[in-house]
Enquirer: 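One structure, as structure tokens, below. Some questions next.
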Amino acid sequence: LLSVSSPHASSWLRVTPSPALDLHLTPSESQFAIKWWLGIQLCEPGSVCALCPTKALEAHHALTCKRGSDVIARHNQLRDTLHQIFKKALYNPKLEAGSGLGHDQKRTRPADILVNNWGISGKPTAYDLSVSSLLKPEVVSEAGHTAGSAGFATEQRKLQENSSICDELGWSCIPLVVESFGAWGQLASNTFSKLASCLSVQANSTISTTLDSIYSRLNLSLVHSNARAFLTRAGPSAKVSELYLVC
């Protein structure tokens with residue numbers, strides 16, 4: 001409840017569907033999204049993951065399951081959506097920067113998106129996107145009491161992982177973390193506010209309207225990816241009508 005009631009978490013519900021702009025959900029995806037959002041039972045008790053037969057078919061498992069490509073696809077879809085937003089704001093962003101750089105030639109990429117002309121420091125800024133699950137054992141208790149705690153924990157972990165190599169490269173490091181229900185971390189919120197200030201001038205719109213549009217696009221992308229991950233693990237036999245609506 002804390003996550004879904006966070007500012008902008010429900011922004012995806014206000015998106016005007018547009019297949020041409022890839023701003024839409026299929027009927028099956030919509031049904032999953034609404035039930036999951038409301039905490040309604042998603043499938044028949046006893047159902048198992050189609051990719052991990054020993055695991056129960058639950059939303060948490062479906063959204064974190066490493067079998068298949070859904071976790072990576074979700075990350076990449078969010079990255080590409082944000083890259084388009086930076087590009088529209090005329091920041092000339094670069095995708096997947098930093099691999100093989102630094103003294104130890106690490107293969108990790110500290111920058112999902114690298115922006116050269118961001119901030120008053122003049123340093124290039126490396127943005128690292130992550131999705132944080134609220135139901136991981138190490139964060140679930142705190143997440144039930146403190147809004148944003150799961151996202152904050154992931155922000156801190158990402159800073160520890162990437163700050164040293166970014167410092168070596170002369171970059172600033174900013175992790176952009178979203179919880180699985182759509183609540184973004186403070187560092188992401190600060191970034192989106194700055195983007196909205198720039199884009200609102202181009203669009204001759206208010207900053208608040210532009211900011212909501214940014215969150216709407218990103219969170220619809222998140223919900224779409226979450227729905228695909230669950231439906232893939234439900235298997236081809238799980239029709240929309242078989243996903244029980246239990247109130």
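Note that this is a predicted model, so its numbers are computed, not measured. Numbers for residues simply follow the sequence, beginning at 1. Heavy atoms only: backbone and side chains are in, while hydrogens, waters and symmetry mates are out.
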Enquirer: Would you kindly confirm whether Leu231 and Leu38 end up in one hydrophobic cluster when ILVMFWY residues are joined by side chain heavy atoms under 4.5 Å apart?
Expert: yes

Enquirer: Contact between Ser200 and Thr209 at the side-chain level, heavy atoms closer than 4.5 Å - yes or no?
Expert: no

Enquirer: Is any side-chain heavy atom of Val131 closer than 4.5 Å to a side-chain heavy atom of Leu78?
Expert: yes

Enquirer: Could you check whether atom CZ of Arg217 has more than 12 heavy atoms from other residues, nucleotides or ligands sitting under 6.0 Å from it?
Expert: no

Enquirer: Shortest non-hydrogen contact from Ala33 to Val223?
Expert: CB-CG1, 3.5 Å

Enquirer: Does the salt bridge (Lys or Arg N to Asp or Glu O under 4.0 Å) test come out yes or no for Asp128 and Lys158, once each step is laid out?
Expert: CA-CA 8 Å; Asp128 183 17; Lys158 285 292 184 178; 3.4 Å; yes

Enquirer: Side-chain contact, heavy-atom cut-off 4.5 Å: Lys55 with Val48?
Expert: no

Enquirer: Hey, quick one: are Ile207 and Val201 part of the same hydrophobic cluster, counting side-chain heavy atoms closer than 4.5 Å, chains of contacts allowed?
Expert: no

Enquirer: Looking only at heavy atoms, which two atoms of Asn162 and Cys173 are closest? And how far apart?
Expert: CB-SG, 3.8 Å

Enquirer: If every non-hydrogen atom of Ala89 is compared with every non-hydrogen atom of Cys198, which pair is closest and at what distance?
Expert: O-SG, 3.5 Å

Enquirer: Say you draw a straight line from CD of Gln77 to CG of Leu218; how long is it, rounded to the nearest 0.5 Å?
Expert: 10.5 Å

Enquirer: Got a list of side-chain donor-acceptor pairs under 3.5 Å for residues 62-69, not counting sequence neighbours?
Expert:
from, atom 1, to, atom 2, distance (Å)
Thr64, OG1, His60, O, 2.8
Arg67, NH1, Leu51, O, 2.7

Enquirer: May I ask you to test the Trp12-Leu222 pair for a side-chain heavy-atom distance under 4.5 Å?
Expert: no

Enquirer: Any chance you could measure Cys43, atom SG, to Leu57, atom CG, to the nearest 0.5 Å?
Expert: 4.0 Å

Enquirer: Find the distance between CG (Asn76) and CZ (Arg74) and round it off to the nearest 0.5 Å.
Expert: 11.0 Å

Enquirer: Can you find a pair of side-chain heavy atoms, one from Tyr215 and one from Pro7, that are under 4.5 Å apart?
Expert: no

Enquirer: After noting the C-alpha distance and the side-chain angles of Asp80 and Leu95, does the key distance pass the side chain to side chain contact (heavy atoms under 4.5 Å, CB included) rule?
Expert: CA-CA 8 Å; Asp80 292 347; Leu95 286 175; 4.2 Å; yes

Enquirer: Kindly compute the distance separating CD (Glu29) from NE2 (His24), expressed to the nearest 0.5 Å.
Expert: 7.0 Å

Enquirer: Could you report the tightest heavy-atom contact between Gly170 and Pro124, atom names first, then the distance?
Expert: O-CD, 3.6 Å

Enquirer: Just so I know, are the side chains of Leu23 and Thr16 near enough to count as touching, which here means a heavy-atom distance under 4.5 Å?
Expert: no

Enquirer: Grab the two heavy atoms, one from Cys49 and one from His61, that are nearest each other, plus how far apart they are.
Expert: SG-NE2, 3.4 Å

Enquirer: In this structure, would Val177 and Val71 fall into the same cluster of hydrophobic residues linked by side-chain contacts under 4.5 Å?
Expert: no

Enquirer: Taking the inter-plane angle between the rings of Phe86 and Tyr91 on a 0 to 90° scale, is it parallel (under 30°), tilted (30 to 60°) or perpendicular (over 60°)?
Expert: perpendicular

Enquirer: Which heavy-atom pair separates Pro110 from Ala126 by the least distance, and what is that distance?
Expert: O-CB, 3.9 Å

Enquirer: Could you go through the side chain to side chain contact (heavy atoms under 4.5 Å, CB included) check for Leu82 and Ile113 one step at a time?
Expert: CA-CA 8 Å; Leu82 185 57; Ile113 299 172; 3.9 Å; yes

Enquirer: Check whether any side-chain heavy atom of Asn190 sits under 4.5 Å from a side-chain heavy atom of Ile174, and report yes or no.
Expert: no

Enquirer: Does the Asn219 side chain pair with the main chain of Gly182, one donor and one acceptor, at a distance under 3.5 Å?
Expert: yes

Enquirer: So, taking the atom named OG in Ser133 and the one named CG in Asn226, what distance separates them when rounded to the nearest 0.5 Å?
Expert: 9.5 Å

Enquirer: Is the shortest heavy-atom distance from the side chain of Leu25 to the side chain of Leu220 under 4.5 Å?
Expert: yes

Enquirer: What's the separation between atom NZ in Lys94 and atom NZ in Lys87, rounded to the nearest 0.5 Å?
Expert: 13.5 Å

Enquirer: Determine, stepwise, if the pair Gln202 / Leu199 fulfils side chain to side chain contact (heavy atoms under 4.5 Å, CB included).
Expert: CA-CA 5 Å; Gln202 295 181 24; Leu199 288 168; 4.1 Å; yes

Enquirer: Would you check if the distance from the ring center of Trp184 to the ring center of Phe192 is below 6.0 Å?
Expert: yes

Enquirer: Check whether any side-chain N or O of Ser216 sits under 3.5 Å from a backbone N or O of Val15 as a donor-acceptor pair, and report yes or no.
Expert: no

Enquirer: Can you name the residues that form a ring pair (Phe, Tyr, Trp, His ring centres under 6.0 Å) with His224, not counting sequence neighbours?
Expert: none

Enquirer: Linking I/L/V/M/F/W/Y whenever any side-chain heavy atoms sit under 4.5 Å apart, do Leu90 and Tyr127 land together?
Expert: no

Enquirer: Got a donor-acceptor contact below 3.5 angstrom from the Asp112 side chain to the Leu129 backbone?
Expert: yes

Enquirer: Pair Leu13, Ile34 - check side chain to side chain contact (heavy atoms under 4.5 Å, CB included), show working.
Expert: CA-CA 9 Å; Leu13 290 165; Ile34 295 299; 3.9 Å; yes

Enquirer: Within a 6.0 Å radius of atom CG on Leu21, are there more than 12 heavy atoms belonging to other residues, nucleotides or ligands?
Expert: yes

